[in-house]
There are 2 protein chains.
Amino acid sequence: MTVRELNSWTEIREELHRRINDRIWQPGETIPGEADLAEEFGCARTTVSRALRALAEAGLVTRRRKAGTRVAVNPPHKATFTIPIIREEVEARGAAYSHSLLKRVEAGLPPQLHAAFPVGEGARLLFTETVYFADDRPFMFEERYTNLDAVPEFGTIAFDLITPNEWLVQNAPYTSGDLTCYAANAGERLSRFFEVAQETPLFVMERATANQKVPITHVRMSYQPGYRLRTRF
Amino acid sequence: MTVRELNSWTEIREELHRRINDRIWQPGETIPGEADLAEEFGCARTTVSRALRALAEAGLVTRRRKAGTRVAVNPPHKATFTIPIIREEVEARGAAYSHSLLKRVEAGLPPQLHAAFPVGEGARLLFTETVYFADDRPFMFEERYTNLDAVPEFGTIAFDLITPNEWLVQNAPYTSGDLTCYAANAGERLSRFFEVAQETPLFVMERATANQKVPITHVRMSYQPGYRLRTRF
DNA sequence: GATGAGAATATGCATGCACATAAAAACGTG
DNA sequence: CACGTTTTTATGTGCATGCATATTCTCATC
């Protein structure tokens with residue numbers, strides 16, 4: 001067998017990927033060490049390492065010092081969703097995008113959000129309610145609590161041209177967050193917005209962000225009936 | 001100012017991350033070149049490169065040859081969900097896991113799935129219906145079409161000890177897939193399973209997998225009322 | 001002034017080497 | 001045999017260097 005020399009790390013990654021996929025190396029099995037593979041492929045150990053690291057990041061193999069590299073027992077059960085940017089999403093559907101601020105008031109945090117959005121007792125919060133339209137039909141309904149102690153300037157913005165979300169994205173960096181998806185009935189309020197029955201199921205996303213443990217904002221986004229969040233992997 | 005020498009790529013990554021976060025480098029702005037940063041930090045260019053690559057993978061910066069590295073205009077609107085493994089999820093809640101195969105029949109593909117699961121006209125498909133229990137209460141309801149032309153052996157399995165999902169995970173590698181989440185009402189059938197009203201909103205995930213363009217399986221998973229899919233980032 | 005060839009340059013990739021680190025394996029001691 | 005300690009070893013990381021490649025920039029030419 002002619003061993004074509006594989007010297008680019010992507011080629012090596014592909015070859016290793018193939019071997020895993022074709023069950024040449026069984027799940028759970030330890031694969032040859034970096035040095036062995038480097039010798040086989042006729043390249044430097046660093047290059048093999050690069051390929052293995054990529055596979056490890058993709059979740060196809062697990063690596064441990066001394067123990068070696070082994071094929072992951074179950075393929076990567078991960079999926080990366082691109083959190084949709086409403087404006088882009090609406091325009092991608094060929095619809096005209098617009099938004100409207102319905103409410104803007106300093107308010108306390110509802111008790112049920114304390115766990116997801118741990119602001120202190122005396123925190124100043126701005127509550128905003130925004131509807132996003134696609135061709136004048138409601139597309140998404142957003143209820144947001146924003147920590148004015150963390151982003152004071154947020155309280156001074158008009159939100160007629162820019163949305164609360166866009167302002168925060170551009171002005172309030174965050175280091176960590178939390179995203180939850182679930183299904184809920186439209187209920188009394190949203191059923192009127194979307195002009196559907198109260199029992200209509202809606203796809204809801206809740207997102208909390210924080211900058212170095214300082215809570216920034218918590219938002220609940222209720223999407224129009226029939227909305228689907230989709231990703232390829 | 002004492003410039004502490006940062007010589008581990010993680011430290012450099014953190015420092016760069018901080019500068020981006022603190023708006024020392026504005027979004028859209030080009031940051032100093034690798035060589036300059038290497039000199040500043042007193043390390044090799046490779047090490048800076050490693051840190052920058054990590055940031056680029058995280059979506060915080062975008063890099064182009066010659067053009068240089070610049071701070072991403074909008075922070076990474078990505079979230080990685082770990083696709084739950086039912087057994088683990090149930091056991092993590094301290095409940096007893098079990099499952100039951102309800103149905104197993106060769107069947108044609110419903111027309112509405114043709115787009116999501118492009119098997120040819122004469123493909124042999126096995127339809128399976130499985131309920132997963134947490135402490136004897138239904139936790140998830142699974143309807144699955146599996147391409148027997150791609151995984152013939154699948155047709156010979158009993159699925160009393162192992163679930164269709166687990167068997168496929170262990171025996172049918174895939175290279176690409178598609179995941180969709182949405183909300184749906186329980187409807188007539190599922191309302192009886194979950195012992196709730198037909199109008200109860202359920203969280204539903206649909207997943208299609210393929211191995212090198214060969215469709216493997218399509219599955220619809222309807223979760224128990226109140227289920228939430230959650231991720232940190 | 002427009003245009004295209006070529007130079008300049010920043011990032012990307014590969015290599016060889018040295019050392020750090022974690023974890024398994026071997027060993028020694030009670 | 002049970003235990004803690006040392007050795008071994010595979011991966012992890014850092015560095016210096018050279019070349020590859022994609023763009024941008026410059027400049028000569030028309």
Side-chain angles (χ1 to χ4, degrees), chain A residues 2-20 24-73 76, chain B residues 2-20 24-73 76:
Chain A
T2 1
V3 178
R4 189 175 101 244
E5 294 225 335
L6 307 175
N7 51 0
S8 101
W9 71 269
T10 48
E11 282 175 349
I12 292 177
R13 169 168 53 77
E14 289 313 311
E15 171 62 14
L16 299 178
H17 186 60
R18 189 188 65 77
R19 292 188 186 179
I20 292 170
I24 292 174
W25 292 323
Q26 296 292 321
E29 185 181 340
T30 303
I31 73 177
E34 293 187 354
D36 298 336
L37 290 171
E39 194 183 354
E40 182 194 346
F41 294 135
C43 68
R45 189 173 76 92
T46 321
T47 310
V48 173
S49 190
R50 182 93 166 77
L52 285 173
R53 197 196 316 145
L55 289 175
E57 278 166 10
L60 264 84
V61 299
T62 55
R63 318 185 70 192
R64 271 165 59 217
R65 279 182 157 119
K66 164 69 186 172
T69 304
R70 50 183 57 210
V71 181
V73 202
Chain B
T2 2
V3 177
R4 189 176 100 244
E5 293 226 336
L6 308 175
N7 52 1
S8 98
W9 71 271
T10 49
E11 282 174 349
I12 291 177
R13 168 167 56 77
E14 289 315 309
E15 171 62 13
L16 299 178
H17 187 56
R18 190 190 63 76
R19 293 188 186 180
I20 291 169
I24 292 174
W25 293 322
Q26 297 291 323
E29 187 182 337
T30 304
I31 74 176
E34 292 188 355
D36 298 336
L37 291 170
E39 193 183 353
E40 183 194 346
F41 294 135
C43 70
R45 191 172 74 90
T46 323
T47 311
V48 173
S49 190
R50 182 94 167 75
L52 284 174
R53 197 197 316 146
L55 289 176
E57 277 166 9
L60 264 84
V61 298
T62 55
R63 318 185 71 191
R64 273 166 57 219
R65 279 184 158 123
K66 163 70 184 172
T69 304
R70 49 182 58 209
V71 180
V73 203

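All chains are named by letter (A, B, ...) in the order of the sequence lines, taking the proteins before the strands, and each is independently numbered beginning at 1. Please read all numbers here as calculations on a predicted model, not as lab measurements.
In terms of position along DNA chain C, the nucleotide closest to S49(B) lies nearer the 5' end than the nucleotide closest to the other residue of the pair S49(B) and V48(A).
One atom, CZ of R63(B), and another, P of dT9(C), lie 19 Å apart when rounded to the nearest Å. Summarising the geometry, the separation between CG on L52(A) and C1' on dG12(D) is reported as 12 Å, rounded to the nearest angstrom. Note: CD (E11(A)) to P (dG12(C)) measures 19 Å, nearest angstrom.
The side-chain hydrogen bond (donor to acceptor under 3.5 Å, both in side chains) pairs that include a residue from residues 51-64 of chain A are E34(A)-R63(A), R63(A)-T69(A), where partners are two or more places apart or lie in different chains.
W9(A) and A54(A) make their closest contact through CZ3-CB, 3.7 Å (heavy atoms, listed as atom of the first residue, atom of the second, distance). In terms of heavy-atom proximity, A72(B) sits nearest to G59(B) at CB-O, 3.4 Å. Of all non-hydrogen atoms in T30(B) and A67(B), the two that sit nearest each other are CG2-O, 4.2 Å. For the residue pair C43(A) and V48(A), the shortest heavy atom distance occurs at SG-CG2, 3.7 Å.
In this structure, E14(B) does not pair ionically with R18(B), as no charged nitrogen and carboxylate oxygen lie closer than 4.0 Å.
With rounding to the nearest 0.5 Å, the separation of OG1 in T47(A) from CG in L37(A) is 12.0 Å. The CD1 atom of I31(B) sits 10.0 Å away from the CG atom of D36(B) when rounded to the nearest 0.5 Å. To the nearest 0.5 Å, atom OG1 of residue T46(A) and atom CZ of residue R50(A) are 11.0 Å apart.
E29(A) is linked by a side-chain contact (heavy atoms from CB on, under 4.5 Å) to W25(A), Q26(A), counting only residues two or more places apart in sequence or in another chain.
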Polar atom pairs between nucleotides 3-6 of chain D and protein, under 3.5 Å, N or O only, would you list them?
none

Nucleotide N/O to protein N/O under 3.5 Å, stretch nucleotides 14-17 of chain D:
unit_1	atom_1	unit_2	atom_2	d
dG14(D)	OP1	N7(B)	O	3.3
dG14(D)	OP1	W9(B)	N	2.7
dG14(D)	OP2	W9(B)	N	3.4
dC15(D)	OP2	A44(B)	N	3.2
dC15(D)	OP2	T47(B)	OG1	2.4

Pairs under 3.5 Å (N/O, protein and nucleotides 24-26 of chain D):
unit_1	atom_1	unit_2	atom_2	d
dT24(D)	OP1	R64(B)	NH2	2.8

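Of the residues in residues 30-37 of chain B, those placing a heavy atom less than 4.0 Å from an atom of DNA chain C are G33(B), E34(B), in numerical order.
A heavy-atom distance below 4.5 Å is not found between the side chains of E11(A) and E15(A). Contact check for L16(A) versus L60(A): no side-chain heavy atoms found under the 4.5 Å cut-off.
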